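Beneath this line is the structure, given in structure tokens, with notes to follow.
In this text, all values refer to a predicted model and were calculated from it rather than measured experimentally.
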Amino acid sequence: MTPVLTAPAAAKVRLDAALGRVSSYRLVLSVLAVLVLYGLVLNLLGWLRFGSPAMLASLVVCVGVSYVANRGIAAIFRVRPHSESALVTGLLVYFLFWPSLAPLDLGVTALACLLAAASKYVLAFHARHAFNPAAFGAFAVALTGWGAATWWAGTPAMLWAVVPGALLVLYRVQRLAMAAVFAVVALALNAAVFATAGVFPAGAVVQAVAQGPLVFFAGFMLSEPLTMPGRRRHQYAYAAVIAAAYALPFTLGPISGSPETALVIGNLLAFAFGLSQGLDLKFVERRRLTPTSYEFVFVPGRRARFLPGQYAELSLPHSGGAWAGRRRTFSFTSAPSSDVVAFGVSTPPPVSPAKQVLLDLEPGRRVWAAAVGGDFVLPRDQGVPLLLVAGGIGLTPFASMLRALKSAGEERDVVVLASVSAPEELAFAGVLKASRARVVVRTSDGGAVPDFAEDAGTAPFTPQRLRELIPDIGERTAYVSGPPSFVGAVGPALRAAGARRVRRDAFSGY
């Protein structure tokens, strides 16, 4: 039981829960499909003038070449293809190149799709491709001199659907702030460039948004997860660098300024500085945490680089062996110093397809961690008192934190406040007991808590109750983790109770 949510908070929780049941790739693919249909309708209404045959021919080429090339190149490299990723790449290229029935134009578009697909395998390292595939395909084609991307998705008529679609994607992948940094820097530099030519800055900003690819670029290209840094501060710098290359005109030999060039430059810098990396993991065992949760243990192909509290995006195969594009994020439960990598997962019935894949894994099976990131991490200052508040399996990132502190021998002032349905649903009891943290447990059924923990009763975590349980809450930095409903209610309650700072990590529960 948690505090009652306000109407806006409840709406946000429902949206988070709905989006959490859909992978980011599936969402992007769905939104792009809607944009395709929207563009075809606009063309029939006369607001676009490509002609339906040209649009359909370009669509077939982009989707067909991307899908076939992805499967063929994957077979050459003896890896399993990611079909959803291939379809997303094909649709992105579709919106970059002018629809046409001319054989040369279709050939250039097909070449861009082929190069985009190849870049995922040839220009890759540690399970991560170095460049955004669609941007690299457009960039490489421009170098040939045979054609160039036009980014027709940035036409004014398309903007009515592109804006809500981009915002939905950015909200789902939690990149709204990064996109805002990109937009502010790009528009400011664009206005400055036009001002030097005597153009009124406000007019330049309106033109850049309404008649350019800025929104489509930020929503569907900049947000690509496998080529960006994992930490927020790095993402902001990454967005600013790309914005500068996007807005400022330049020419370096055969390379000239363009949206795709800007993104390739940002990808290259992130890759060169080691800000975007993945992991090859071999499954070892499954450990039961509670009657409705497990810890999945893997051996990494190399030392895993992450911070306690961060997550990895796992690429999960079908139980039959084919990759289904099931990329889901799971928080680490192991310490970075450990020789193994572990993730905690809640598995109450009915079990989702993605979690069933995990449950069906056999020892020795390999899984890719395509991305590592997140900012739900401990403060560097070891003197900051901490309050770790978890709802159910929300204890997962805290297990990694507590294990890391114990491994490093750090003595921090930590209070763990856990809310579970019943005492047997308290995950990581051994980790909590060994941590030397003050542990306070609330159970919905009023059952007896473990002897190492204090009983918080059954009352919900209201601001008053939080102050009663944690008298010095005003001196503590609070971390709250769990289902969206729990985080959405307890986060504001912690602030109202006077917590010094509140950091959130909501589990979608897919």
Side-chain angles (χ1 to χ4, degrees), residues 28 31-32 34-36 38-39 42 47-48 88-89 91-98 131-139 142 148-197 199-225 227-228 235-250 256-267 269-270:
V28 172
V31 172
L32 290 175
V34 170
L35 293 181
V36 168
Y38 179 74
L42 290 182
W47 292 2
L48 296 177
V88 167
T89 299
L91 292 181
L92 288 174
V93 174
Y94 168 73
F95 285 111
L96 303 192
F97 286 84
W98 206 260
F131 300 102
N132 178 291
F136 179 83
F139 172 79
T150 59
W151 292 79
W152 67 268
T155 54
M158 289 292 298
L159 203 62
W160 295 101
V162 169
V163 168
L167 290 176
L168 185 64
V169 169
L170 290 170
Y171 180 83
R172 168 64 177 83
V173 299
Q174 301 181 32
R175 298 292 182 267
L176 283 168
M178 187 185 78
V181 170
F182 165 79
V184 168
V185 174
L187 291 174
L189 292 175
N190 185 265
V193 169
F194 275 89
T196 60
V199 178
F200 188 57
V205 169
V206 171
Q207 183 178 1
V209 174
Q211 300 183 19
L214 185 141
V215 177
F216 184 87
F217 181 92
F220 300 98
M221 303 291 283
L222 180 70
S223 62
E224 202 277 328
T227 51
M228 71 168 63
Q235 290 169 4
Y236 293 163
Y238 171 80
V241 168
I242 292 175
Y246 178 97
L248 299 176
F250 67 90
S256 57
S258 67
E260 63 269 21
T261 300
L263 191 52
V264 165
I265 290 172
N267 293 162
L269 290 174

Self-check item: Heavy-atom closest contact (Phe216 atom, Ala153 atom, distance)
Solution: CD1-CB, 3.6 Å

Quiz item: Atom CG of Leu91 and atom CG of Leu35: how far apart are they, to the nearest 0.5 Å?
Solution: 9.5 Å

Quiz item: From Ile242 CD1 over to Ile265 CD1, what is the distance, rounded to the nearest 0.5 angstrom?
Solution: 9.0 Å

Practice problem: Examine distances only and state if a side-chain atom of Trp98 and a backbone atom of Ala149 form a donor-acceptor pair shorter than 3.5 Å. | Solution: no

Quiz item: Under the side chain to side chain donor-acceptor pair (under 3.5 Å) test, which residues partner Thr155, sequence neighbours left out?
Solution: none

Quiz item: With under 30° as parallel and over 60° as perpendicular, where do the rings of Phe182 and Tyr246 fit, or are they tilted in between?
Solution: perpendicular

Quiz item: How about Asn267 and Tyr238: do any of their side-chain heavy atoms sit closer than 4.5 Å?
Solution: yes

Self-check item: Nearest atoms (heavy-atom pairs only) where Ala240 meets Val185
Solution: O-CG1, 4.0 Å

Quiz item: How are the rings of Trp152 and Phe95 set relative to one another: parallel (under 30°), tilted (30 to 60°) or perpendicular (over 60°)?
Solution: tilted

Exercise. State, to 0.1 Å, how close Ala179 and Leu170 come at their nearest heavy-atom pair, and which atoms those are.
Key: CB-CD1, 3.6 Å

Practice problem: Please tell me if the side chains of Val173 and Met228 come closer than 4.5 Å, counting only heavy atoms from C-beta onward. | Solution: no

Quiz prompt | Distance in Å, Phe139 CZ paired with Asn132 CG, rounded so as to fall on 0.5 Å steps | solution = 13.0 Å

Quiz item: Distance from Leu222 atom CG to Phe217 atom CZ, nearest 0.5 Å?
Solution: 5.5 Å

Quiz item: What side chain to side chain donor-acceptor pair (under 3.5 Å) pairs are there with at least one residue in residues 256-265, not counting sequence neighbours?
Solution: Trp151-Glu260, Ser258-Glu260, Ser258-Thr261

Quiz item: Going by heavy atoms in the side chains, are Leu48 and Tyr38 under 4.5 Å from each other?
Solution: no

Self-check item: Verdict with supporting geometry, Met221 and Leu96, side chain to side chain contact (heavy atoms under 4.5 Å, CB included)
Solution: CA-CA 11 Å; Met221 303 291 283; Leu96 303 192; 4.2 Å; yes

Quiz item: Do you know which two heavy atoms are closest between Ala247 and Ala186, and how far apart they sit?
Solution: CB-O, 3.4 Å

Practice problem: Decide side chain to side chain contact (heavy atoms under 4.5 Å, CB included) for Leu214 and Leu187; before the verdict, give the C-alpha distance in whole Å, the side-chain angles of both, and the deciding distance to 0.1 Å. | Solution: CA-CA 9 Å; Leu214 185 141; Leu187 291 174; 3.8 Å; yes

Quiz item: For Val169 and Ser223, which heavy atoms make the closest approach, and how far apart are they?
Solution: CG1-OG, 4.2 Å

Self-check item: Nearest non-hydrogen partners of Ala245 and Phe250, listed with the distance
Solution: O-CE2, 3.6 Å

